[in-house]
Number of protein chains: 2
Amino acid sequence: MKVTIYDVAEKAGVSIATVSKVINNTGNMRESTRQKVMRVMEELNYYPSVMASALTGKKTQTLGLLVPDISNPFFSEMARTIEDSAHEQGMSVIMCSTDEDEEKEKKYLELLRRKQVDGFIIASSFREKKLLEGIKSAGIPMVMLTQNSGTLGVTSISVDDFTGGYEATSHLLSLGHENIVIITEPRLSSKMRLYGFREAYETYGFSYKEELVMETVASMENGKQCFQEIFQKKKRPTAVFACNDLIAIGVIQGAREHGLNIPEDLSIVGFDNTILATTTVPSLTTVAQPIKEMGKKVVDVIVDHIQHGEKNAERILFKPTLIARDTTGKPHKNG
Amino acid sequence: MKVTIYDVAEKAGVSIATVSKVINNTGNMRESTRQKVMRVMEELNYYPSVMASALTGKKTQTLGLLVPDISNPFFSEMARTIEDSAHEQGMSVIMCSTDEDEEKEKKYLELLRRKQVDGFIIASSFREKKLLEGIKSAGIPMVMLTQNSGTLGVTSISVDDFTGGYEATSHLLSLGHENIVIITEPRLSSKMRLYGFREAYETYGFSYKEELVMETVASMENGKQCFQEIFQKKKRPTAVFACNDLIAIGVIQGAREHGLNIPEDLSIVGFDNTILATTTVPSLTTVAQPIKEMGKKVVDVIVDHIQHGEKNAERILFKPTLIARDTTGKPHKNG
DNA sequence: TTGAAAGCGCTAACAC
DNA sequence: GTGTTAGCGCTTTCAA
């Protein structure tokens, strides 16, 4: 049925050890033997089993990627670069969308562990850090993406969220907005962005108030709903800073449905700079994360850990870039 | 180091066979033994190795998914539902973005084969059908997604592209457009949509001409470029039917940059109904594919093949739905 | 330069 | 009800 190393060995008239050597390019042998074996492998359409070789202590050449939602453009764009970089190293990636749900996080982590992935890329939140500790103490390489690892002590790759939040906010403040709402997500990165928001607010001499902060899970629908709330506030804000593009887009849609003009009646800043930011009209002012570089870096790091063992945990921060487009402007005098 | 079935057996004071039985819920045994083994597995943090069990003839519980580009919202939305359905069945999915590149298709197919995935979901084009024949003749389950399998004889899941193309086009024709350009992709699905386009064109009594057809690879950038070409045509078309949303959005952007009003100066219809269709302004008239149902169906089918063997190849067509939004309207008299 | 054989972690008869 | 054992397909000493 399935062709194995034995079939190849037999047909080539050598031992399986020899075949194994040509597969892995190890040991020495007569060039003619190597050629012959190669030829037979071709003829027989032989594909060495990764399973079997993994069982003997080799790697599975597989990475586990846990993201909140692969259909969120931010993560799908990230996944794409991760996938490409991984494939360059001969590794494939198993994707898992957790919805930031603790049950799923646990389940997928276990599943991937049973599949002996060589390493984990964690972009989901894992409020329950114990789950991650298990894999850390098992010595399986792991790196955090778009968030730092807190007390866990593994290397993390993210954008400088504090600065990103600061820049988004001061862009708005410098345009003259004084009543800005921030919509956060229940993630660590949002927390840092919120601190940046606060810092900017106070730097500009305004007093930061709790009531400026809203929280929701990333989706367009939820963004729309946030707009509703904002719309009903007594003292209506003139600007909103959404912690990601998806939410920002939802706010825009909500605003349009209520007949507001953007940015005249409401300025909006997003975060991520996904494809959505450029396709919406007016195009979205947002804080760009260097998705491609981050994706590439994260596999470089994990592959390095896999091959050369865990290094000291680093915290790698990428620089966010404010991209001013058309959803931000000066507030109306009577805003 | 790694805890194995032996460690569990030893600590529980039973044989590995017994442990294996509790893992797989097979055979009978005293309830107390089962309990004890379970407890020890917990204590030891034991994760049965999928590798090892796969080696003994069991499945790997892994699906291979080949798409052109996971960062295209159509495919990322599809991937999400596939992933969810697969996880419900205890399977995970390895994603591969081929860019419709033959080299990559070949490489990823081999890699996945070496990893002994239980089945393939093929949404990439595979112009070189020989590649797929290999896996078919190896008896590995496979199903085509968003395209039918041609002479390959495997079951396929797609939308009724012909009808979709027909409806998109007659929507435009019935609005009074007479000079419509279609932008296709180099994929089989586009070919069917083109036939639908042609059929509609002729049904309405107009003569279809080759020069109405453009072809490009799906991306916003390419959509923009197509607009350039359209813009320069002597007899400027009043409408375009793009074979997917990404391209359609590109056309919209191109048109806006040239100061055209949509739909007054140019009507546009897309295909897929991804998130992009709702976030753009004006919102995109497009032909919806039931992404969720298709994704669910495709894993149902593949799982069934894996478990009960290949059935007769079916061709499963889902119904496309034209969603008229704001990028289509009557043509200008002097269009 | 090549091969024999032990072992990776598990499953599935088949004994006891 | 429970254990023994022969593989699964491969890698890797160690001998020859």
Side-chain angles (χ1 to χ4, degrees), chain A residues 1-38 40-41 44-62 90 110-111 113-118 138-140, chain B residues 1-38 40-41 44-62 110-111 113-118 138 140:
Chain A
M1 181 72 241
K2 189 170 182 335
V3 5
T4 74
I5 199 171
Y6 288 96
D7 303 320
V8 177
E10 187 177 9
K11 179 149 184 197
V14 298
S15 75
I16 60 165
T18 303
V19 177
S20 176
K21 278 169 198 150
V22 352
I23 293 170
N24 299 290
N25 237 301
T26 54
N28 302 315
M29 73 187 60
R30 204 172 300 145
E31 184 54 24
S32 62
T33 329
R34 154 167 272 109
Q35 293 297 336
K36 182 159 42 134
V37 173
M38 301 263 269
V40 174
M41 294 200 302
L44 257 36
N45 244 286
Y46 169 65
Y47 297 96
S49 159
V50 173
M51 301 283 119
S53 91
L55 202 54
T56 72
K58 292 237 161 176
K59 301 292 174 206
T60 55
Q61 321 236 72
T62 308
E110 275 187 19
L111 187 60
R113 215 169 146 170
R114 292 180 12 114
K115 294 204 172 158
Q116 248 120 277
V117 296
D118 296 335
I140 306 171
Chain B
M1 183 70 240
K2 188 166 184 343
V3 6
T4 74
I5 199 172
Y6 287 96
D7 303 319
V8 177
E10 186 177 9
K11 179 148 185 199
V14 297
S15 77
I16 60 165
T18 303
V19 178
S20 175
K21 278 170 198 151
V22 353
I23 293 170
N24 300 290
N25 238 300
T26 55
N28 302 315
M29 71 187 60
R30 205 173 298 146
E31 185 54 25
S32 62
T33 332
R34 155 168 272 109
Q35 292 296 335
K36 181 159 43 136
V37 173
M38 300 263 270
V40 174
M41 294 200 302
L44 257 37
N45 246 286
Y46 169 65
Y47 296 97
S49 160
V50 174
M51 301 283 120
S53 92
L55 203 54
T56 73
K58 292 238 163 176
K59 301 292 172 205
T60 55
Q61 321 236 71
T62 308
E110 274 187 20
L111 187 59
R113 214 167 148 173
R114 292 179 12 112
K115 294 205 171 157
Q116 248 120 278
V117 295
D118 297 334
I140 306 170

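Chain identifiers are assigned alphabetically (A, B, ...) following the order of the sequence lines, protein sequences preceding nucleic acid strands; residue numbering begins at 1 within each chain.
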Do the side chains of A/Gln61 and B/Arg114 get nearer than 4.5 Å, heavy atoms only? yes
Give B/Thr33 one of three labels, base, sugar-phosphate or nothing, depending on what nucleic acid heavy atoms sit under 4.0 Å from its own. sugar-phosphate
Measure the distance from CG on B/Asn25 to P on C/dA12 and round it to the nearest whole Å. 13 Å
Could you check whether B/Ser49 gets within reach of a base, just the sugar-phosphate, or nothing at all, counting any heavy atom under 4.0 Å? sugar-phosphate
Given C/dC10, D/dG1, D/dC10, the nucleotide with the shortest approach to the side chain of B/Met29: D/dG1
I'd like to check A/Tyr46 versus A/Ile5 (side-chain heavy atoms, cut-off strictly below 4.5 Å). Are they in contact? yes
Without decimals, in angstroms, what is the distance between B/Lys58 NZ and D/dG7 C1'? 15 Å
State, with a plain yes or no, whether a side-chain heavy atom of B/Ile140 is found less than 4.5 Å away from one of B/Gln116. no
Output the rounded distance in Å from CG (A/Asn24) to C1' (D/dT11). 7 Å
Scan nucleotides 3-7 of chain C against the protein and return all N/O pairs shorter than 3.5 Å with their distances rounded to 0.1 Å.
unit_1 : atom_1 : unit_2  : atom_2 : d
C/dG3  : OP2    : A/Ser15 : N      : 2.8
C/dG3  : OP2    : A/Ser15 : OG     : 3.3
C/dG3  : OP2    : A/Thr18 : OG1    : 2.7
C/dG3  : O6     : A/Lys21 : NZ     : 2.8

Please report, rounded to the nearest Å, how far the C1' atom of C/dC10 is from the CZ atom of A/Arg114. 11 Å
Does any part of the side chain of B/Ile23, heavy atoms only, come nearer than 4.5 Å to the side chain of B/Val19, both counted from C-beta? yes
Would you say that more than 12 heavy atoms from the other residues, nucleotides or ligands in this model lie under 6.0 Å from the CD of B/Glu10, or not? no
Do A/Val22 and A/Met41 make a side-chain contact, defined as non-hydrogen atoms from C-beta onward lying under 4.5 Å apart? yes
Ignoring hydrogens and geometry, is there a side-chain-to-backbone donor-acceptor pair from B/Asp118 to B/Thr60 under 3.5 Å? yes
Min side-chain heavy-atom separation A/Leu44-A/Lys11 under 4.5 Å: yes
How many whole angstroms separate atom CD1 of A/Ile23 from atom P of D/dC10? 6 Å
Axis-to-axis angle for the helix from C/dT1-D/dA16 to C/dC16-D/dG1, ends of five pairs each, to 10°, equals 40°
What integer distance in Å separates B/Glu10:CD from D/dT2:C1'? 17 Å
Expressed as a whole number of angstroms, how long is the span from A/Met51:CE to D/dC10:P? 12 Å
What is the distance from CG of A/Leu55 to C1' of D/dG9, rounded to the nearest Å? 9 Å
Between A/Lys36 (side chain) and A/Ala12 (backbone), is there a donor-acceptor pair under 3.5 Å? yes
